[in-house]
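Okay, structure first, notes after.
Here the structure is a predicted model, which means the values were calculated and not measured. In what follows, chains are A, B, ... by sequence order, proteins preceding strands, each numbered from 1.
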Protein chains: 2
Amino acid sequence: MLNERSLAANPDCSDCPIRHRAVCARCESDELDRLEQIKYYRRFEAGQSIIWAGDRMDFVGSVVSGIATLSQAMEDGRTQMVGLLLPSDFVGRPGRITAAYDVVATTDLVMCCFRRAPFEEMMSRTPHIAQRLLEMTLDELDAAREWMLVLGRKTAREKIASLLSIIARRDSTLNLRDGRDAKVVFDLPLTREAMADYLGLTLETVSRQISALKKDGVIELEGKRHVTVPDMARLMEEAGDDGDGGMLV
Amino acid sequence: MLNERSLAANPDCSDCPIRHRAVCARCESDELDRLEQIKYYRRFEAGQSIIWAGDRMDFVGSVVSGIATLSQAMEDGRTQMVGLLLPSDFVGRPGRITAAYDVVATTDLVMCCFRRAPFEEMMSRTPHIAQRLLEMTLDELDAAREWMLVLGRKTAREKIASLLSIIARRDSTLNLRDGRDAKVVFDLPLTREAMADYLGLTLETVSRQISALKKDGVIELEGKRHVTVPDMARLMEEAGDDGDGGMLV
DNA sequence: CGAACTGTTGAGGGCCCTCAAAACAGGTGG
DNA sequence: CCACCTGTTTTGAGGGCCCTCAACAGTTCG
């Protein structure tokens, strides 16, 4: 039914790009060995649905590479994105059988999956996994709360600036740059429609506000997706964030 | 500096009203004994600030009785509520020194506090605490995501109906009634302004929409705060929720 | 009574949504 | 190579929902 295929070979955990950030980050080598025995990889293509809300979920897992979105839909079609899943992010809730949200791959994506039952059994006996999952869940909760401020109180222009600065900040931490002073360059991993679903806007408003930020010199565009931010502090002002830039101290 | 005072006597944990729902829910009696040694009670008055965002936090704790709000403010005064704390809810993040949000008591409130260092030390040695905290955090994350749909995609009328049905549902579970058929009666624990901060609206819009729901017979009002819902299914329709009512299966 | 706070109601305007059309890019087939 | 189609994005015109500003009512407390 789905087009993904399991990889015959499971790459070694010690070579894994998300080894030190995913749910397995704190595992000792013997714990990792046991995880290795119950893991398998699945590959999804850009645009493909990974999970439908309400479906039975037989696995949980980590995004290894690529990007996915978590979203919620109303009956009349209105949809709100409630999570943006990047490499190392966790999918699924231990103890829950039915998926609560739609999960869609927005780029080609590789997921490291664990069958639910063995994973839960292992989690109950391996504090390192539960500890790391707690830490990751608390981070997600903080991000969700930051997002709620954006959704509830910011203007369309501020919303766009907030999203851009979130993406820019993430990229700048990946590239180990100073996120405040240097020029930041990145590609938007989302369509205008996905950005609208993220921000509680329409895609037309997203397009208009991006054009406006470009006209005002806050960002530069090359093609539709490639963004340059000449002055990160300026962008963060536009986002309505204060000098601390929302960095949780 | 604060007007709270410690109670001379710490009530016994086994008599505690939140014993089976708070962060201590899964603790064995010996674990509870150790928690008992590091706990103390603090009492706050309605309207009083419990924590300011950015302040150093020397404790974490559980709401024993009363209601508090978690909120985030922008420089220009716009504020968004990001959490509503009811009895058994946890305050503070283990591992974090500085408070990320403002916490305000909206009613008289009693909190069961643990000094941070001993609590964290105990948490690392007591899987039952970390397990329960993980479960509670996952629940909060689900609630936050439901809330994001409300903030991002619902109309003012739907927002009000959503908030009312959330409060009604909570009260009906407390009262062990059937939340679908029976008449539901409750008191609003929030001012119009707090409801506005919850929903990303102005207080005037909140007032207008409540009046409209009353005029249309969706709710009945006695005074400003006492609400009767004659038909829960109708209210949930108005909230834009489908037949399942957002109950996570 | 007056002050402070909470809540209601009205008038007007602005931001963003809705509907619509067109530009643009990528892919396919003639 | 061009015609054609599909999907994404941009831009325009108009309108509605909610915000802003304002006045007033009800309650509590001094």
Side-chain angles (χ1 to χ4, degrees), chain A residues 45-48 69 74 76-80 104 106-107 150-164 187-216 219-227 238 240, chain B residues 45-48 69 74 76-80 104 106-107 150-164 187-216 219-227 238 240:
Chain A
E45 288 169 22
Q48 196 181 354
T69 64
M74 294 173 67
D76 58 12
R78 283 177 282 176
T79 72
Q80 174 64 52
V104 178
T106 63
T107 66
V150 173
L151 288 172
R153 291 303 187 192
K154 293 196 178 179
T155 65
R157 184 182 175 97
E158 289 170 334
K159 284 180 175 181
I160 297 290
S162 297
L163 175 56
L164 293 177
D187 284 304
L188 286 172
L190 302 173
T191 65
R192 298 292 188 261
E193 186 180 19
M195 295 173 69
D197 285 344
Y198 189 113
L199 297 170
L201 296 172
T202 59
L203 64 90
E204 294 95 329
T205 299
V206 170
S207 181
R208 270 185 259 269
Q209 295 298 336
I210 289 182
S211 297
L213 288 177
K214 177 182 166 187
K215 185 165 69 63
D216 296 345
I219 59 172
E220 292 155 19
L221 275 181
E222 201 173 337
K224 310 295 187 187
R225 299 289 193 91
H226 193 74
V227 180
E238 292 284 355
Chain B
E45 288 169 22
Q48 195 179 357
T69 63
M74 294 174 66
D76 58 12
R78 284 177 283 176
T79 70
Q80 174 65 52
V104 178
T106 63
T107 66
V150 173
L151 288 173
R153 292 303 188 193
K154 293 196 177 178
T155 65
R157 185 182 175 98
E158 288 171 335
K159 284 180 175 183
I160 298 291
S162 298
L163 175 57
L164 292 176
D187 284 305
L188 286 172
L190 301 174
T191 65
R192 300 291 187 261
E193 186 180 19
M195 295 174 67
D197 283 344
Y198 189 113
L199 297 170
L201 297 171
T202 60
L203 64 91
E204 294 96 329
T205 299
V206 170
S207 182
R208 269 184 260 269
Q209 296 297 335
I210 288 182
S211 297
L213 287 176
K214 176 182 169 189
K215 186 167 68 65
D216 297 345
I219 60 173
E220 292 155 20
L221 274 182
E222 203 172 335
K224 309 299 187 186
R225 298 289 193 92
H226 194 73
V227 180
E238 292 283 356

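Contact record, B:A46 with B:T106: CB-O, 3.9 Å, taken as the closest heavy-atom pair. The heavy-atom pair separating B:K159 from B:V150 by the smallest distance is CE-O, 3.3 Å.
Here CE of A:M74 is found 10.5 Å from OG1 of A:T79. Values are rounded to the nearest 0.5 Å.
Within the 3.5 Å criterion, the main-chain N or O of A:S207 finds a donor-acceptor partner in the side chain of A:S211. In this structure a side-chain-to-backbone donor-acceptor pair under 3.5 Å is missing from B:E220 to B:K214.
Comparing A:L221 and A:R153, the nucleotide of DNA chain D nearest to each residue sits closer to the 5' end for A:L221. Checking A:T155 against A:K224, the closest nucleotide of DNA chain C that is more toward the 5' end is the one next to A:T155.
A:L199 has its CG atom 13 Å from the C1' atom of C:dC16, to the nearest Å. Atom C1' of nucleotide C:dG7 and atom CD of B:E193 are separated by 11 Å, given to the nearest angstrom. A:L203 has its CG atom 10 Å from the P atom of C:dT18, to the nearest Å. Here D:dG16 presents its C1' atom at 13 Å from CD of B:Q209, a figure rounded to the nearest Å. In this structure, A:R225 places its CZ atom 18 Å from P of C:dC24, rounding to the nearest Å. Whole-Å rounding puts the B:L190 CG to C:dG7 C1' distance at 15 Å. The separation between B:L188 atom CG and C:dT6 atom C1' is 13 Å, rounded to whole Å. At whole-Å resolution of the value, CD1 in A:I160 and C1' in D:dT9 are 13 Å apart.
No contact: A:R157 has no heavy atom under 4.0 Å from any strand. Across all strands shown, A:G47 has no heavy atoms under 4.0 Å from either base or sugar-phosphate atoms. Among the protein residues, B:R78 comes within range of no part of the nucleic acid, since none of its heavy atoms lies under 4.0 Å from any strand.
In this structure, of C:dT6, C:dG10, D:dT10, it is C:dG10 that holds the atom nearest to the side chain of B:R208. For B:T205, the side-chain atoms get nearest to D:dC18 when compared with the rest of C:dC16, C:dT9, D:dC18. Set against D:dT10, D:dC19, C:dG7, the side chain of B:T202 has D:dC19 as its closest nucleotide. Distances from the side chain of A:E204 to the nucleotides C:dC17, C:dT18, C:dT8 place C:dT18 closest. Closest to the B:S211 side chain, of the nucleotides C:dT9, C:dC16, C:dT18, is C:dT9. Checked against D:dT11, D:dC19, C:dC17, the side chain of A:L201 finds its nearest nucleotide in C:dC17.
Note on A:T191: every side-chain N or O is 4.0 Å or more away from OP1 and OP2 of D:dG7. The side chain of B:R192 contributes no N or O atom lying less than 4.0 Å from OP1 or OP2 of C:dC5.
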